[in-house]
Colleague: 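For reference, the structure I am asking about is given below.
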Amino acid sequence: MDKELLALLNPQQQKAVVAPEGAVLVLAGPGSGKTRVLTYRIAYLVGGLNIPPHNILAVTFTNKAAKEMNARVEKIIGSHASGLWLGTFHAICGRILRREADLLPVDKNYVIFDEDDQRALMKQVLKEANVDEKLYRPNSILDAISRAKNDLTKPADYPIQTFRDEKIRDFYTRYQQLLVKNNAMDFDDMLLYTADILERFPVIRDKYAHRFEHILVDEFQDTNQAQYFILYHLASKHHNLYVVGDEDQSIYRWRGADYRNLKRFEKDFPGYLKILLEQNYRSTQSILDAAMAVIDQNDNRTRKKLFTEKTRGEKVALYEAMDDHDEAEYVVKAISRAMNLGKAKQSDFATMYRTNAQSRLLEEEFRRAGINYRLVGAQRFYGRREVKDAIAYLRLVHNPRDQVSLARVINTPPRGIGDKTVEKLAQYAASVNLTSGEVLLDLALGDRSVHLLPLGREGLKLASFGKLLTTWRALVEQGSLADLFDRILKDVDYQVYINDRSEEGFDRWENVMELRLVVMEYEDQGLGEFLESMALVADQDTLPEVMDAPTMMTLHAAKGLEFEQVFIVGLDEMLLPHVRSRDDVEAMAEERRLFYVGMTRARQKLTLVRARRRRSSYGSYEETQPSRFLDDLPDDLIEGERRTYRSRLSSAPTGPSRTPRWEVPAFRVPLKDTTPKETKYKSGMRVRHPIYGNGTVRISRIELGDETVEVNFDRGVLKALVASLANLEILG
DNA sequence: GCATCGGATTTTTTT
DNA sequence: AATCCGATGC
């Protein structure tokens, strides 16, 4: 590899890039040139060690990162990069699964179920089982299943401790059956199936393990157990596993990221080489110091000293707004002012927040100020109804067994096939051991179909839809994707259906046409690839169009990016440490890391904003408490509202603290051990509820740090209540 | 089978 | 505030 290129790196980075073969662990702080090291490493493998690119596998966590790395690799080694396997875990697994589809319980035309599809399927499971959706929320069941899958736990091995667990196991089992019946898999299955194949078929494992002489992994701290397992197998021949990560930037625990993977790596690859990248090339020292002050409050981590050769720079600014409107206005005004000074590009600015919902006020404010903006995520393009409809049609054409898509489009636009008829079709299909879609296709044969008679009057309507479906399927073979797309829309009169003569109707049609543009990009690759990438890229980490405008995104979406000036809004308790993390020490540590990730995105200037009053997710305005994370920022790094703020609070005697701190709200104190050890309520106990009246406790269990009690009320309703909130009175 | 109204219900982050 | 669900009426 080029000497000139190496000269661009600092000694640590160089050491990482030219590390000898074998297992390597690169611990890389924020802004330490991690992506650069990864891309140069690839260039070094190809150019220096003469490894053919197709023997290299590079895995990233998000599409954004994959895209970025791809662009950078191409820039260095150009067309030499062709053949390189580079993508997200899910994309790589998809690639393997398509090749090994024979070993799957589904065929190669399988579709990937997104969250909505999963929920629809789970609802079907719950309905079948005839259980109360209030007690067994589809999302919560799916969560449990996802967690199990991330830990490589199959239905049969699902750990049972409570009655509920037993139920979940049953739902899990049935859910998997239905997925197969739909010729579908969910995101987690992609990993699980891949792991399964690698484990059960040594020949297949050796094939890939042999092929991938070098495996590079980005964001290793965010991998889950299934992903580690896959890496382990893929590296089982050459043992050249090169992982890069930063424990302080682990923000996906909730999605199954398993910190123990680091321990597993150390155990499985003894003698690995460890390299630390500590020098920061991004932020000023003030920003780094502030960020370190925050992250150093976390336990169980190696302290790292982030340093830069940049100047101290400006202090971190703090602004406390009156309310959430004021907060948004402040940010937009500050950005607008800075832009008018003329030194900064519009795209130098980014605003980050904890939840997508927080973008709304900012958007309004930007529009009012007449400033264009880029919004990452939020209102997902692919989540829009019209887009989902169109994709569902394509999915059904590709895979007629997809029950969820079928249910979505069979009467959209309305064509006289209502719930009753769909139900009848499903029942009938089950009775002849087929799926609804297969019966539909057969019905298209008209009189020759044996299914026509049994379905009676409705048979004809269904048959005409079946005929449409058959026509479309024929088009896949010969025609272009865009033709198919147009034909479907025309056949079902979709534009008429969408166009309600309102602005919104117009927008919707625009969206459909935008989707058509995406379809055209897949003309060469085919329907299957198009659908797969729709499922896998449905995420907004498609870097939004490169236009010169300030950017808004969640803190999660901000990982891996950098901006000259960063605003983080909503630094309030319940929002930046999010409420949901309040009672969970691990989750709280993750909130802190999330804040840390956000802070370290800033190159020049970091501004933190909070609002004293804020409209809560439901209805009215509420007073807020400042985020506990703000307490950790040393005074000398802060400018702005702090003084005002402290003086307001310092009227309360807080004692002679050496460094003045903000008042600690009372509710922070009893954080520990609010988790009850034993249930207060027992089965059979008689209780009274202020609204539901008297009832008998069915069961009570400790769940998520609180007690959940299910009560059969005398008036005939069964409710699951949170004990600490329900105000239940025990009747003697 | 479809449209409409009223009531209940909302848990954050993303592949 | 917005969306979803179920019941009701046509």
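Labels below follow one simple rule: chain letters A, B, ... track the order of the sequence lines, proteins then strands, and each chain is numbered from 1.
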Colleague: Less than 5.5 Å between centroids and less than 30° between ring planes, does A/Tyr252 satisfy that with B/dT14?
Modeller: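 Answer is no, no stack.
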Colleague: CE of A/Met553 versus P of B/dT12: gap in Å, rounded?
Modeller: 21 Å
Colleague: Can you tell me if A/Arg137 touches the phosphate of B/dT10, counting only side-chain N or O atoms and a distance under 4.0 Å to OP1 or OP2?
Modeller: yes
Colleague: Taking only side-chain N and O atoms of A/Thr421, does any of them lie within less than 4.0 angstrom of OP1 or OP2 on B/dG1?
Modeller: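 Yes, A/Thr421 has a side-chain N/O under 4.0 Å of OP1/OP2 on B/dG1.
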Colleague: Please check the phosphate of B/dT13 (OP1 and OP2 only) for any side-chain N or O of A/Lys559 closer than 4.0 Å.
Modeller: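 So the side-chain polar atoms of A/Lys559 never come under 4.0 Å of the phosphate oxygens OP1 or OP2 of B/dT13.
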Colleague: With the side chain counted from C-beta on, respond yes when A/Arg98 and A/Glu532 share a heavy-atom pair under 4.5 Å apart, and no when they do not.
Modeller: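 Yes, at least one pair of side-chain atoms sits under 4.5 Å.
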Colleague: A/Arg354 or A/Ile417: which one's nearest nucleotide on DNA chain B is closer to the 5' end?
Modeller: A/Ile417
Colleague: On DNA chain B, compare the nucleotides closest to A/His556 and A/Gly416; which residue's is nearer the 5' end?
Modeller: A/Gly416
Colleague: Taking only the side-chain nitrogens and oxygens of A/Thr554, find out if one of them lies under 4.0 Å from OP1 or OP2 of B/dT12.
Modeller: no
Colleague: How close or far is atom P of B/dT13 from atom CD1 of A/Ile568, stated in whole angstroms?
Modeller: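 Answer to the nearest Å: 17 Å.
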Colleague: Is the closest basic N to carboxylate O distance between A/Arg255 and A/Asp222 below 4.0 Å?
Modeller: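 No, this pair does not count.
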Colleague: When you measure from the side chain of A/Arg580, which nucleotide among B/dT14, B/dT12, C/dC5 comes out closest?
Modeller: B/dT12
Colleague: Within the 4.5 Å heavy-atom criterion, are A/Leu630 and A/Arg610 side-chain neighbours or not?
Modeller: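 Yes. Closest side-chain heavy atoms under 4.5 Å.
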Colleague: What is the distance, rounded to the nearest whole Å, between atom CZ of A/Phe595 and atom C1' of B/dT12?
Modeller: 17 Å
Colleague: Of the nucleotides B/dC2, B/dT12, B/dT13, which one has an atom closest to the side chain of A/His578?
Modeller: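 Of all the options, the side chain of A/His578 is nearest to B/dT12.
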Colleague: Classify the nucleic acid contact of A/Lys461 as base, sugar-phosphate or nothing, counting any heavy atom under 4.0 Å across all strands shown.
Modeller: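 If one applies the 4.0 Å heavy-atom cut-off, A/Lys461 turns out to touch nothing in the nucleic acid.
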Colleague: Let me know the distance between CE of A/Met588 and P of B/dT13, rounded to the nearest Å.
Modeller: 17 Å
Colleague: Between A/Phe61 and A/Phe89, is the ring centre distance below 6.0 Å?
Modeller: no
Colleague: Expressed as a whole number of angstroms, how long is the span from A/Glu115:CD to B/dT12:P?
Modeller: 13 Å
Colleague: Please determine if a side-chain N or O atom of A/Asn139 lies less than 4.0 Å away from the OP1 or OP2 oxygen of B/dT10.
Modeller: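 So the side chain of A/Asn139 is outside the cut-off, no N or O lying under 4.0 Å from OP1 or OP2 of B/dT10.
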Colleague: For a 4.5 angstrom cut-off between non-hydrogen side-chain atoms, does A/Phe465 reach A/Val409?
Modeller: yes
